[in-house]
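For reference, the structure is listed below as C-alpha cells.
Throughout, a chain's letter reflects where its sequence line sits, starting with A, and its residues are numbered from 1.
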4 protein chains.
Amino acid sequence: MANITTRPVTKLGIVGAGSVGTSLAYAAIIRDAAREIAIYDIDAVRAEAEGLDLAHGTQFTGASTVTGGGRIEALAGSDVIVITAGARQKPGQTRLELAGVNVDIIQKLMAQLMEQAPDAVYIVVTNPCDVLTVAAQKASGLPWNRIFCSGTVLDTSRLRLLLAREAHVLMTSVHATIIGEHGDSEFPVWSNASIGPVPIRDWKISGRQVFTQDYLDALTDDVVNAAYQVIEGKGATNYAIGLAGVRIVEAVLEAQNAVLPVSAIMHGQYGINGVALSLPSIVGINGVYEMLQMPLDEGETKKLQDSAETLQNTLAKLGV
Amino acid sequence: MANITTRPVTKLGIVGAGSVGTSLAYAAIIRDAAREIAIYDIDAVRAEAEGLDLAHGTQFTGASTVTGGGRIEALAGSDVIVITAGARQKPGQTRLELAGVNVDIIQKLMAQLMEQAPDAVYIVVTNPCDVLTVAAQKASGLPWNRIFCSGTVLDTSRLRLLLAREAHVLMTSVHATIIGEHGDSEFPVWSNASIGPVPIRDWKISGRQVFTQDYLDALTDDVVNAAYQVIEGKGATNYAIGLAGVRIVEAVLEAQNAVLPVSAIMHGQYGINGVALSLPSIVGINGVYEMLQMPLDEGETKKLQDSAETLQNTLAKLGV
Amino acid sequence: MANITTRPVTKLGIVGAGSVGTSLAYAAIIRDAAREIAIYDIDAVRAEAEGLDLAHGTQFTGASTVTGGGRIEALAGSDVIVITAGARQKPGQTRLELAGVNVDIIQKLMAQLMEQAPDAVYIVVTNPCDVLTVAAQKASGLPWNRIFCSGTVLDTSRLRLLLAREAHVLMTSVHATIIGEHGDSEFPVWSNASIGPVPIRDWKISGRQVFTQDYLDALTDDVVNAAYQVIEGKGATNYAIGLAGVRIVEAVLEAQNAVLPVSAIMHGQYGINGVALSLPSIVGINGVYEMLQMPLDEGETKKLQDSAETLQNTLAKLGV
Amino acid sequence: MANITTRPVTKLGIVGAGSVGTSLAYAAIIRDAAREIAIYDIDAVRAEAEGLDLAHGTQFTGASTVTGGGRIEALAGSDVIVITAGARQKPGQTRLELAGVNVDIIQKLMAQLMEQAPDAVYIVVTNPCDVLTVAAQKASGLPWNRIFCSGTVLDTSRLRLLLAREAHVLMTSVHATIIGEHGDSEFPVWSNASIGPVPIRDWKISGRQVFTQDYLDALTDDVVNAAYQVIEGKGATNYAIGLAGVRIVEAVLEAQNAVLPVSAIMHGQYGINGVALSLPSIVGINGVYEMLQMPLDEGETKKLQDSAETLQNTLAKLGV
Ligand SMILES: NC(=O)c1ccc[n+]([C@@H]2O[C@H](COP(=O)([O-])OP(=O)(O)OC[C@H]3O[C@@H](n4cnc5c(N)ncnc54)[C@H](O)[C@@H]3O)[C@@H](O)[C@H]2O)c1
Ligand SMILES: NC(=O)c1ccc[n+]([C@@H]2O[C@H](COP(=O)([O-])OP(=O)(O)OC[C@H]3O[C@@H](n4cnc5c(N)ncnc54)[C@H](O)[C@@H]3O)[C@@H](O)[C@H]2O)c1
Ligand SMILES: NC(=O)c1ccc[n+]([C@@H]2O[C@H](COP(=O)([O-])OP(=O)(O)OC[C@H]3O[C@@H](n4cnc5c(N)ncnc54)[C@H](O)[C@@H]3O)[C@@H](O)[C@H]2O)c1
Ligand SMILES: NC(=O)c1ccc[n+]([C@@H]2O[C@H](COP(=O)([O-])OP(=O)(O)OC[C@H]3O[C@@H](n4cnc5c(N)ncnc54)[C@H](O)[C@@H]3O)[C@@H](O)[C@H]2O)c1
C-alpha cells in the first residue's frame with residue numbers, strides 16, 4: 001500500500017520489568033490501555049522472558065502488543081512512560097540510603113529517556129516516589145505537569161476498600177481521598193469524605209453512627225499499615241499498584257481529565273512550593289493540568305504542611 | 001429488607017496463591033469474570049497478603065471482590081474452582097517424582113474440595129495437568145465433564161502469537177490449534193490451520209509462500225520451547241496461564257459453549273480411552289460438553305496416539 | 001452429559017420493544033449485562049424484528065443472547081424486568097389522560113408478570129415513572145424494594161454532562177445529583193455538589209468563580225428542558241435512557257450496591273410517605289436496599305416536599 | 001499549562017444522523033471506540049437532538065464524547081469517517097432510481113469531505129454500498145485502500161448467528177463467511193466453513209449430520225431474507241449494522257489488522273477488476289491492506305464472478 005501516512009498508535013513505555021512493572025503491563029494489555037507496550041530493564045534476560053510471558057496471553061485480550069528487553073531504544077516514541085525501576089533494599093541499608101541509590105538511578109535514567117521520548121508524559125512509581133519526582137524533574141528539565149508520581153492513588157484505593165466493606169456499598173460510591181506524602185505522613189481528608197452523598201460522619205446503620213472518630217482513626221492506621229502487611233506477607237506489593245498505574249495511564253492516553261490524587265511539584269497550593277505531594281489533580285493528555293485546592297480544616301492543613309516539611313527535609317538530606 | 005430470597009452471585013474459587021493463582025485472580029478481577037473470588041492456600045500468610053494486594057486494586061475495576069486465606073471453607077459455594085496448588089521442584093528431584101508429589105496433593109485436595117463445592121466445575125492447572133486431571137477425577141468421582149485441565153489452551157496461544165506476528169494480522173484472525181499432551185508430545189494441527197480463511201500453507205506475502213514445511217517445523221519447536229525460555233528467564237510462567245485460565249472460567253460462568261482446546265478424559269475419540277488429552281472442546285456452564293473430532297491427517301493421528309501412549313505410561317508409573 | 005444440575009444464568013426481561021426498550025437491549029448486549037435477554041411486546045411483529053436485528057449484532061459482542069416476540073411467557077425466569085411499555089400521546093390527549101392510560105397498562109401487566117417472574121426485581125421506565133411505580137407496587141403486592149423506577153438517574157446524567165463540559169473534567173469526576181420527581185419539580189442538590197473534591201461554588205478557572213448562583217439556575221433550567229429539546233428534535237429520547245437503564249440493571253445483576261438516584265416508594269425519609277421520589281439509593285441484587293438521607297438545606301428540603309405533594313396530587317387524581 | 005504539544009486523540013466522524021448513524025454512534029460510545037465522535041447531517045435539528053441524547057448517556061460509559069449538528073466542518077480532523085447518509089425510498093421509486101439518488105449524494109459529499117478530512121479512512125454504509133464505494137472512490141480520487149464499505153460483514157454475522165444457534169456454540173467459534181455483493185447475489189463459502197475446527201459438513205449431533213446440503217441451502221435463503229424480515233417488521237435495520245460498523249472502525253483505529261469481509265475495489269482477485277465486492281480482507285490503520293484470496297470451489301468462483309457482473313451492470317446503468 002504505497003504512500004499513505006501512517007497515523008501513530010498509542011504507546012506505553014515501562015522502565016523496570018520487576019513485579020510492579022510487569023503487573024502494570026499485564027493490567028494494561030487486559031484493559032487495552034495502549035496499542036503498543038514496551039518494557040525496558042537493565043536485566044535484559046528477565047525483561048525478555050516477562051515480555052514473552054505477557055505476549056503469550058494476548059490471544060485472550062484486545063489488539064495490544066507487548067515486548068520486553070534490554071534496549072532503552074525500544075521506548076522511543078512512547079506517549080507515556082512509567083518508571084518502576086529501582087534497587088532492592090540491601091540488609092543493613094537504611095531507607096534513606098536506598099532512596100539515595102534510587103535518586104541516582106532515576107537521574108541517569110532521565111537523561112537517557114529524554115533522548116528516546118522527549119515528548120512523553122512521565123509517571124514515577126519507584127519509591128520514594130515523591131522524592132524521585134523532584135529529582136527526575138530537575139534532571140530532565142521537564143515542565144512540572146509532564147512528570148509526576150502515582151502518589152496516593154494507591155493509598156486512596158486502600159482507604160476506599162475499607163470504607164466500602166464497612167458501608168456495604170460499591171467502591172466507586174465511596175468518596176474519600178488520602179493526600180500528602182506517599183508515606184507515613186499521609187492522611188485521609190475526613191472533612192470531605194462521603195458515602196454516596198452522605199458525609200462519612202453522618203453514615204448510619206440502623207440509626208447508629210458507623211464512622212466515629214475512633215473508628216476513623218483506627219482505619220487510618222489500617223490503611224497506612226496495609227502496605228507493610230502486604231510486603232510482610234508476600235515480599236512486595238505489585239497487583240494494586242499495577243492497576244493504579246494503569247488507571248493513571250488511561251487518564252493520560254484517553255485525554256480524560258480525570259481527578260486523581262497524584263503527586264506533582266507544588267507551586268503555591270496551601271502555601272507549599274517545590275516539593276511533590278499528592279492532591280486531587282486533573283490528569284489528561286498532557287499530564288497534570290491542575291492540582292486542586294479542596295477545603296481542608298485546620299488540622300488537615302497543618303498535616304499537609306507537616307508532610308511538606310518531611311519531604312523538604314528528605315530532599316535536603318539527599319541533596320536533590 | 002425482610003424476607004427476600006437472595007439470588008446467588010457467581011463465585012470463583014482458586015486453590016494456590018502462588019504466582020499462577022494470583023495472576024489468574026488479577027486477570028479475573030480486571031475482566032470482572034466472577035462476582036466473588038476466594039483464594040485458598042495452605043500458606044495462609046501469603047494467601048492473605050495476596051488477597052489484600054488484589055483487593056486494593058478493585059477500586060479500578062468492576063464489582064468483583066477478592067479475598068485470600070488459609071481456610072478451605074472459604075471456597076464453599078464456588079461455581080468454578082481452579083487448582084494451581086503444587087509443590088516446587090526440589091534439587092535432584094526428577095519430573096516424575098515431582099508429578100508423584102502433586103498427584104498426592106491433588107488427591108487429598110479433591111477429597112476436601114468435594115465437601116466444600118460438590119457442584120462446582122473443576123479446572124486443573126497444576127502440572128503435569130493431564131495426569132492430575134485423571135487423578136483428580138478418580139479421587140473425586142466427578143463426571144468427566146466436570147473436571148478437566150487448561151491443557152493446550154496456553155500452548156495454542158503461543159502458537160498463534162508467532163503466526164500472527166509473521167502474518168501481520170490480529171491474533172483472533174489466526175486459526176490453529178495445538179492438541180495432545182500439555183508437554184513435549186503435543187503438536188499443532190497444520191492440516192487445519194489458517195490465517196483468516198486462507199489455509200496456512202497458501203499464505204503468501206508478495207507472491208512468496210511464507211509458511212513452508214521447514215518454517216512450520218521450526219515454529220513448532222519455538223512454541224514447545226517457549227515455556228522453557230520463559231521459565232529460564234524469570235523462574236516461572238504466570239501471566240499467560242493466568243489469562244488462559246480466566247478465558248476458560250468465563251466460558252463456564254457465562255455459559256458460552258466456546259470451543260477451546262482443554263484436556264479431559266477421553267472416551268473413544270480417535271480410539272483413545274482413559275487418558276486426558278487436549279482436543280478442541282465445547283466448554284460451557286457444566287464444563288466440557290463435547291471433545292470434538294476434527295479431521296487429522298495420518299501423521300497427526302499417529303502423533304495423537306503416541307501422545308496418549310506417553311500419558312498412559314506416566315499414569316501407570318505413578319499408579320494413578 | 002447426564003444428570004448434572006444446570007446453574008441458571010442471568011436473565012433480563014424487557015417489556016416494550018419500542019425505541020427505549022430496544023436501545024436498552026442494545027446497550028445490554030454490548031455491555032454483556034445479562035446472559036439472556038428477552039423482549040416482549042404486544043406488537044409481536046415489531047418485537048420479533050427488533051429481536052432479530054439485535055441478535056444479528058451479537059457476533060461483535062460477548063456471550064449475551066437476545067430474542068423478541070409477543071409471548072409474555074418468554075419473560076419467565078427473569079432476574080430483572082424493565083418495563084418500557086406504554087401508549088403514545090394522542091392528539092388532544094392531556095398528560096394526565098396519558099398517565100391514566102399507562103396506569104391501566106401497568107396494572108394489567110403486573111398481574112401477568114407476577115405469574116411469569118414473581119421473584120424478579122422490577123424497574124419501571126415508562127412515564128410518568130414515579131406514579132407508575134406506586135401503581136405497579138400496589139397492583140403486584142411486591143415489597144417496595146423490588147419495584148422502583150429509573151427516576152432521576154437520567155436527569156442526573158444530563159446535569160453532570162453540562163457540569164463536566166464547563167469544568168473540563170471527566171464526567172465521573174463530577175458529583176452532583178438531581179432528586180425528587182422525574183419531571184418538572186425535580187431539582188439539583190447544589191449544597192452537596194462538587195467537582196472532584198471541590199465544592200461546586202468554589203470551583204475557579206483563573207481565579208474566577210465559574211458556578212455562580214445565576215449560572216447554576218440557568219443550568220438547572222437547561223437540564224429540565226433537555227428532554228423537551230431532544231423530543232422536539234427527534235421525536236423521542238431513547239439512547240441515554242437505554243444506558244441509564246442498563247446501569248441500574250447492572251447494579252442489580254452484579255450485586256453492586258451502587259448508589260444511584262432511583263425512585264422507590266418512600267417510607268418516612270424527610271417526613272415523606274407513600275409516594276415514589278428519587279433519592280440517592282443503594283441498589284443491589286434484591287433491588288433498593290436503602291434510600292439515603294443526605295443533608296439538604298432549607299430550600300432543598302422544601303422543594304422535595306413540594307415535589308412529593310405534586311406527586312401525591314397526581315396519584316389522587318388518577319385514583320392510584 | 002504553557003507550550004506543550006497536544007497529542008491528537010482518535011476521532012470518528014459519522015455522516016448521517018439517521019437510525020443507522022446514531023446506532024453506530026451509540027455502540028461506539030459504549031465500546032469507547034473513539035475519543036471524539038462527531039455526527040453531521042443536513043437535517044441539523046435532528047442531528048443536534050441525537051447528539052444530545054447520545055451525550056446524555058456518556059456518564060455511564062468511558063471518556064468518549066459525542067456531538068451532532070449541521071456543520072460539516074465538525075468532521076475536520078477525523079481519523080475515520082463512516083457514511084450512512086442517504087435518501088429514503090419514495091413510493092413508486094425503483095431501487096435503481098434510489099441508487100442513482102444516493103450516487104449523486106455521495107459524489108457531492110466526497111468533494112466536501114475531502115476538504116475536511118483528506119487523510120481519513122472512509123467506510124461507506126449507505127446502500128447500495130458496493131456501488132457507492134466505487135462512485136465515492138472516483139469522486140474523491142482516494143487510493144482504493146482508504147475507501148471501502150461494510151459489505152458482507154453484517155450478512156456474515158447473520159449467517160453465524162443461525163449456525164451458532166443450530167450448533168449450540170458461541171458465535172465466535174463459528175467460522176463461515178459470506179462474500180460477493182452486499183445484496184441478492186451474495187453467498188456463503190461453505191467449502192471453507194467450520195464449527196471450531198470441524199468442517200461444517202462433518203458436524204454431527206448424536207452421530208447425525210446436521211448441516212446437510214438442503215439445510216445449508218435453506219439457511220442461505222434465511223440469511224439473504226433476514227434483512228427483508230427486519231425491514232418489514234420494524235421499517236429499517238439499524239442495530240446490527242451499527243455494531244458491524246463499529247467493529248470495522250475499531251479495526252482501523254486500533255491498527256488491528258483484523259480479517260473482515262469488507263468490500264473494496266478489486267484489482268485482479270479471481271480475475272475481477274474495477275468493482276467493489278466483499279472478500280475477507282485485512283483491515284488496519286490505513287484501511288484495507290489486502291483482500292485475501294481463499295480457495296473457492298468451482299461453483300463458488302462462478303457465483304463470485306456472477307456477483308461481479310451484476311455489479312458491473314449496475315455501475316454501467318448508473319453511469320458510475
Ligand atoms: N509508588 C507506589 O505506590 C509503589 C507501590 C509498590 C512498589 N513501588 C516501588 O516500585 C519499585 C519497583 O518495585 P518492584 O517490586 O517491581 O521491584 P523489583 O526489584 O521486582 O524490580 C525492579 C526492577 O528494576 C530494574 N532496574 C534497576 N535499575 C534499573 C535501571 N537503571 N534501568 C532499568 N531497570 C532497572 C531491576 O533490574 C528490576 O528488574 C520499588 O521502588 C517499589 O518500592 C511503589
Ligand atoms: N498448565 C499450565 O499450562 C501451567 C502453566 C504454568 C504453571 N503451571 C503449574 O502451576 C502450578 C503452580 O505454579 P506457581 O508458579 O503458581 O507455583 P507457586 O509455587 O508459586 O505456587 C504454588 C502454591 O501452591 C500452594 N500449595 C501447595 N500445596 C498446597 C495444598 N495442598 N493446598 C493448597 N495450596 C497448596 C503453595 O503454598 C504455593 O503457594 C505448578 O504446578 C506449575 O507447573 C501450569
Ligand atoms: N423514565 C425515563 O427517564 C424515560 C425516558 C425516556 C422515555 N421514557 C418513557 O418510556 C416509554 C416508552 O417510550 P418509547 O419511546 O419506547 O415508546 P414506543 O412507543 O416506541 O414503545 C412503546 C412500546 O410499548 C408497547 N406496548 C404498549 N402497551 C403494551 C403492553 N400492554 N404490553 C407490552 N407492550 C406494550 C408498544 O407496542 C410499543 O412497542 C414512554 O412512556 C416514555 O415516556 C421514560
Ligand atoms: N450496508 C449495510 O449493511 C446497511 C445496513 C442497514 C442500512 N444501510 C443503509 O444505510 C443508509 C441509512 O439508513 P438509515 O436507516 O439511517 O436512514 P435514515 O433515513 O434514518 O437516515 C439517513 C440520514 O441521512 C441524512 N442525509 C441525507 N442526505 C444527506 C447529505 N447529503 N448529507 C448529510 N446527511 C444526509 C438524512 O437527513 C437522514 O437523517 C440507507 O442507505 C440504508 O439502506 C446499509
>> For C149(D) versus V262(D), what's the shortest heavy-atom pair and its separation?
In response: O-CB, 3.4 Å
> Salt bridge check: are R46(D) and D41(D) linked by an N-O gap of less than 4.0 Å?
Replying inline: no
> At their closest point, which heavy atom of A240(D) faces which heavy atom of L154(D), and how far apart are they?
Replying inline: CB-CD1, 3.5 Å
> Relative to chain C, which segment of V66(D) carries a heavy atom at a distance below 4.5 Å: side chain, backbone, both, or neither?
Replying inline: backbone
> Relative to chain D, which segment of V153(C) carries a heavy atom at a distance below 4.5 Å: side chain, backbone, both, or neither?
Replying inline: both
> Given a strict heavy-atom distance threshold of 4.5 Å, which part of E48(C) is in contact with chain D: side chain, backbone, both, or neither?
Replying inline: neither
> What part of R247(C) lies closer than 4.5 angstrom to a heavy atom of chain D: side chain, backbone, both or neither?
Replying inline: side chain
>> Would you say CD of Q89(C) has more than 12 non-hydrogen atoms from neighbouring residues, nucleotides or ligands within 6.0 angstrom?
In response: yes
> Measuring heavy-atom distances to chain D, does S173(C) have an atom under 4.5 Å in its side chain, in its backbone, in both, or in neither?
Replying inline: neither
>> Under a 3.5 Å distance rule, please check whether T84(D) uses its side chain to pair with a backbone N or O of G16(D) as donor and acceptor.
In response: yes
> Are Y26(D) and I30(C) side-chain neighbours, meaning at least one heavy-atom pair lies under 4.5 Å?
Replying inline: no
> Checking I29(D) against chain C: side chain, backbone, both or neither under 4.5 Å from a heavy atom?
Replying inline: side chain
> Where on T22(D) is there a heavy atom nearer than 4.5 Å to chain C: the side chain, the backbone, both, or neither?
Replying inline: both
> chain D: which of L162(C), D43(C), T65(C), T58(C) shares the most heavy-atom pairs with it under 4.5 Å?
Replying inline: T58(C)
> Highest number of heavy-atom pairs under 4.5 Å with chain C: which of A17(D), G51(D), G233(D), A63(D)?
Replying inline: G233(D)
> chain D heavy atoms under 4.5 Å from T172(C): which part of the residue, side chain, backbone, both or neither?
Replying inline: side chain
>> Looking at every heavy atom in both S194(D) and G196(D), which two are closest together, and how far apart are they?
In response: OG-O, 2.9 Å
> Checking heavy atoms, do the side chain of N238(C), its backbone, both or neither come under 4.5 Å from chain D?
Replying inline: both
> For L159(C), is it the side chain, the backbone, both, or neither that has a heavy atom closer than 4.5 Å to a heavy atom of chain D?
Replying inline: neither
>> Give me the atom names and distance for the closest heavy-atom approach of A49(C) to K234(D).
In response: CB-N, 3.8 Å
> So, does T156(C) use its side chain to make a donor-acceptor pair with the main chain of I178(C) at under 3.5 Å?
Replying inline: yes
>> Is R158(D) close to chain C through its backbone or its side chain, or both, or neither, when contacts mean heavy atoms under 4.5 Å?
In response: both
> Do you know which of D53(C), V230(C), L170(C) has the most heavy-atom pairs with chain D at a distance under 4.5 angstrom?
Replying inline: D53(C)
